[in-house]
Asker: 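This structure is in structure tokens; I'll ask about it shortly.
We use all heavy atoms of the structure for the numbers below, so side chains are in, but hydrogens, waters and symmetry mates are not. Here is the naming used below: chain letters follow the sequence lines, and residue numbers restart at 1 for every chain.
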Amino acid sequence: MRELTDLEKNRQQKVSLLLAAGMDPYPAHAERTHTSVQARQAFEQAAEGATVAATLTGRLRSIRAMGKAVFAHIEDGEGQIQLLLKADILGKEFLDAFRNLFDLGDILQARGSLFRTRTGEITLQVEHVAMLSKAITPLPASKETVAESGERVVHSAFDNPEARYRQRYADLAVNPEVREIFRVRARMISALRRFLDSRGFLEVETPVLQAVYGGAAAKPFVTRHHQLHQDLYLRISFELYLKRLLVGGFERVYEIGRDFRNEGVSFKHNPEFTQLEFYMAYADYRQIMALTEEMISTVAREVTGTTKIDFRGHTIDLTPPWTRISLRDSILELGGIDIDAHPTAESLSSAMRVKGLSPKAETNRGKLIEGLLSHFVEPGIVQPTFLFDYPRDISPLAKGKPGQPQTVERFEGFVAGMELCNAFSELNDPLDQEQRFLEMGRAYSEEEEDRHPMDEDYLNAMRYGMPPNGGFGMGIDRLAMLLTNQPTIREVILYPHLRQREDEK
RNA sequence: GGCCCACUAGCUCAAUCGGUAGAGCAGCUGACUCUUAAUCAGUUGGUUGAGGGUUCAAGUCCCCCGUGGGUCACCA
């Protein structure tokens, strides 16, 4: 265990002093009659001159001691409220004890009556105080003032990202705007559920531990079941399990849960992230596209009150309809290469070299096209845009486009230079699906980690007959970034993955 | 995994050309009964991320390691 700092030792001593003074520093029971917001409301609604008694609880966030009176603010789940402790009410001895034994960060309970100070602030005139939890470690010191412009100015803000993520509890305790991000995130997820529930979707849960992983191109995390002597993979997508349910007769299903991908970490990638996937029988990718823009604009309106959101200096208008452009047209327009004129990887590679690009050798046509997409198209997309009709050889679970052997009915939604969602008319032909699995298997050598196992059971399910359906997947964290105007995924994940520190090993 | 940047008091940050490590807040002592970054006076607090090297002298220069941030690669 680490040694306590001098500040902490000092506070630790106050625990025994509190006990000696007959005050339990960590009592089991607390009382509260009002939250800070309720107290203010009660005072404002009471008749002029009436006494409004209240018992409040919260964390001590500021103390201004001035002789025989002490002003302080406590903060509860809804905000801050001021306390006034006066010697002529509490007695000089108790006021001294308060000043000696209570510190910033302590959680306390205060009983008294509400009044308005000369400066107009509704304040609790305190008649009794009890400690609810003595804080040993001081919270990171930060103070805030309100400038004359009305803008909130934070002094000595606790804003070092590493420290904030590693001690998210301290971050949340001192940065109310961080708490707000996670409130918005929670409202966003319940709005998504409401939207899908109201359209007849059934929420289900499928295995996180899987013997055969699939549904996306990603390296999995491997774990071990000791009793069964079996390696298991943490899922990289829900897709194959959810579509099995369509075979079983559920026509509309969705799942919100965690996916795990053993890949690089960046401002838009965390090793574990929250995904929404839904599958809708008898819909194709065009219908899913319409449902997508409706869902996201509805959720944005419910959560932020508008479909025009501010994100990193842009105003993004999520109001339907979103721009629709085929992948071919977008690459032709922005990159000057017509992918339809290049049916082979070789031909496309040479066209790319003419444009000064250096495509990797031994890669398939689809991956080259994907490279063109991320090079020419993705970074420039600010307003919500659907790119549609993707290469078949990077979409093994999507249904082919009639008459176009190299293209599948698939779209991705992009906003603010980020891929937000991915959807397609799902392949439901078991023979075709088996072919695709075999093609994917041939595309990688035995050693390559990207090589994916054949999912025989999934083919079995499909042979029983799967209704035609449209499927959809979206990174919830990225939507949360958008709706909370945060530049990195770490700001919208409570405990983003960080390397373990040497001194913690 | 590559490259760039950062790491100094509990928190936020200074420290000129390599020359005694400082400030604000927090803390501690005291004054003060309408304050709100309260104010005023005094004061404590440091293995400068770890280790090694160069030098009379290293927070500063070099090497190596750690952690983080950014970026690239990777990511049907």
Asker: Just call it for A:Gly366: base, sugar-phosphate, or nothing, with non-hydrogen atoms closer than 4.0 Å on any strand.
Answerer: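 The residue A:Gly366 makes no contact with any strand.
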Asker: Tell me the interatomic distance from A:Leu139, atom CG, to B:U12, atom C1', rounded to whole angstroms.
Answerer: 15 Å
Asker: So what does A:Arg410 touch, heavy atoms closer than 4.0 Å: a base, only the sugar-phosphate, or nothing?
Answerer: sugar-phosphate
Asker: Is the glycosidic angle of B:C17 within 90° of 0, making it syn, or outside that range, making it anti?
Answerer: syn
Asker: Say you pick atom P in B:C4 and the same atom in B:C65; how far apart are they, in whole Å?
Answerer: 13 Å
Asker: With a cut-off of under 6.0 Å to the ring centre and 45° to the axis, is A:Arg40 in cation-pi contact with A:Phe43?
Answerer: no
Asker: Taking B:G52 as the reference, what is the distance to B:G10 when you measure between their C1' atoms (whole Å, please)?
Answerer: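 So the two C1' atoms sit 30 Å from each other.
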Asker: For the residue pair A:Tyr165 and A:Glu491, confirm or rule out a side-chain donor-acceptor distance under 3.5 Å.
Answerer: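 The criterion, which ignores hydrogens and geometry beyond distance, is satisfied for A:Glu491 and A:Tyr165.
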Asker: Side chains of A:Thr35 and A:Asp76: donor-acceptor distance under 3.5 Å anywhere?
Answerer: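 Not at all, the side chains of A:Thr35 and A:Asp76 share no donor-acceptor pair under 3.5 Å.
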Asker: Take the protein atom OH of A:Tyr213 and the nucleotide atom C1' of B:C75, then report the distance between them rounded to whole Å.
Answerer: 14 Å
Asker: Starting at CD of A:Glu439 and ending at P of B:A76, how long is that distance when rounded to a whole Å?
Answerer: 17 Å
Asker: Please figure out whether A:Ile63 or A:Asp103 has its closest RNA chain B nucleotide nearer the 5' end.
Answerer: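 Nearest nucleotide further toward 5': that of A:Asp103.
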Asker: With a non-hydrogen cut-off below 4.0 angstrom, is A:Thr488 in contact with a base, only sugar-phosphate, or nothing?
Answerer: sugar-phosphate
Asker: Any cation-pi pair here, A:Arg324 with A:Phe411, using under 6.0 Å and within 45°?
Answerer: no
Asker: Got more than 12 heavy atoms from elsewhere within 6.0 Å of NZ, A:Lys9?
Answerer: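 Buried by this count: over 12 neighbours within 6.0 Å.
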Asker: Would a 4.5 Å heavy-atom cut-off, applied to side chains only, mark A:Arg59 and A:Ile74 as touching?
Answerer: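 They are not in side-chain contact.
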Asker: B:A15 and B:C7: how far apart are their P atoms, nearest whole angstrom?
Answerer: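 After rounding to an integer number of Å, I get 11 Å for this pair.
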Asker: Below 3.5 Å is the cut-off: list the nitrogen or oxygen pairs between protein and nucleotides 32-34 of chain B, distance only.
Answerer:
unit_1 : atom_1 : unit_2   : atom_2 : d
B:C32  : N3     : A:Gly67  : N      : 2.9
B:C32  : N4     : A:Gly67  : N      : 3.3
B:C32  : N4     : A:Arg99  : NH1    : 3.2
B:C32  : N4     : A:Arg99  : NH2    : 2.8
B:U33  : OP2    : A:Lys68  : N      : 3.1
B:C34  : O2'    : A:Arg118 : NH1    : 3.1
B:C34  : O2     : A:Arg118 : N      : 2.8

Asker: Considering only side-chain heavy atoms of A:Arg166, which listed nucleotide, B:U67, B:G69, B:A76, is closest?
Answerer: B:U67
Asker: Could you give me the CA-CA distance, side-chain angles and deciding distance for A:Thr206 and A:Glu255, then say whether side-chain hydrogen bond (donor to acceptor under 3.5 Å, both in side chains) is met?
Answerer: CA-CA 8 Å; A:Thr206 61; A:Glu255 178 165 6; 2.6 Å; yes
Asker: Just by distance, with hydrogens left out, do A:Asp389 and A:Tyr285 show a side-chain donor and acceptor under 3.5 Å apart?
Answerer: yes
Asker: Find the runs of at least 3 consecutive base pairs, i with j, i+1 with j-1 and so on, that include RNA chain B, using Watson-Crick or G-U wobble geometry with both distances under 3.5 Å.
Answerer: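 For RNA chain B the paired stretches long enough to count as stems (3 pairs minimum) are B:1-7 with B:66-72, B:10-13 with B:22-25, B:27-31 with B:39-43, B:51-53 with B:61-63.
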Asker: Rounded to whole angstrom units, what separation is found between the NZ atom of A:Lys14 and the P atom of B:A26?
Answerer: 14 Å
Asker: Please step through salt bridge (Lys or Arg N to Asp or Glu O under 4.0 Å) for the pair A:Arg235 and A:Glu277, ending with a clear verdict.
Answerer: CA-CA 13 Å; A:Arg235 65 182 172 190; A:Glu277 287 188 26; over 6 Å; no
Asker: Establish, with yes or no, whether the OP1 or OP2 oxygen of B:G69 is under 4.0 angstrom from a side-chain nitrogen or oxygen of A:Arg490.
Answerer: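 Checking A:Arg490 against B:G69: at least one side-chain N or O falls below 4.0 Å of OP1 or OP2.
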Asker: Could you tell me how far B:G49 sits from B:G68 if I compare only their C1' atoms? Round to whole Å.
Answerer: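 Comparing C1' positions in B:G68 and B:G49 gives a spacing of 11 Å.
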Asker: Using whole Å, report how far CG of A:Asp6 lies from P of B:U43.
Answerer: 19 Å
Asker: For A:Arg64 and A:Leu104, take the nucleotide of RNA chain B holding the closest heavy atom to each; which residue's nucleotide lies nearer the 5' end?
Answerer: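 Looking at the nearest nucleotide for each, A:Leu104 comes out on the 5' side.
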Asker: Answer yes or no: is there a side-chain heavy-atom contact under 4.5 Å between A:Pro496 and A:Val265?
Answerer: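 In short, these two side chains do not touch, never coming nearer than 4.5 Å.
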Asker: Just how far, in rounded Å, is C1' of B:A73 from NE2 of A:His375?
Answerer: 14 Å
Asker: Taking atom C1' in both B:G45 and B:C61, what distance in whole Å separates the two?
Answerer: 30 Å
Asker: Roughly how many Å apart are B:C64 and B:G53, using the P atom of each and rounding to a whole number?
Answerer: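 Comparing P positions in B:G53 and B:C64 gives a spacing of 15 Å.
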Asker: When rounded to the nearest Å, what value does the distance between C1' atoms of B:G59 and B:G18 take?
Answerer: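 Their C1' atoms lie roughly 11 Å apart.
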Asker: Can you check the distance between B:U35 and B:G30, where both ends of the measurement are the P atom (answer in whole Å)?
Answerer: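 These two P atoms come out 24 Å apart once rounded.
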Asker: Rounded to the Å, how far apart are A:Gln12 CD and B:G10 P?
Answerer: 17 Å
Asker: Does a side chain donor of either A:Thr5 or A:Glu8 reach within less than 3.5 Å of an acceptor in the other side chain?
Answerer: yes
Asker: Out of B:U36, B:U67, B:C74, which has the shortest distance to the side chain of A:Lys219?
Answerer: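 The answer is B:C74, which lies nearest to the side chain.
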Asker: Send over the distance from A:Lys268 NZ to B:G70 C1', rounded to a whole Å.
Answerer: 14 Å
Asker: From the set B:U36, B:U71, B:C11, return the single nucleotide nearest to any side-chain atom of A:Gln82.
Answerer: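 The answer is B:U36, which lies nearest to the side chain.
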Asker: Among B:G10, B:A38, B:G69, find the nucleotide with the atom closest to the side chain of A:Leu7.
Answerer: B:G10
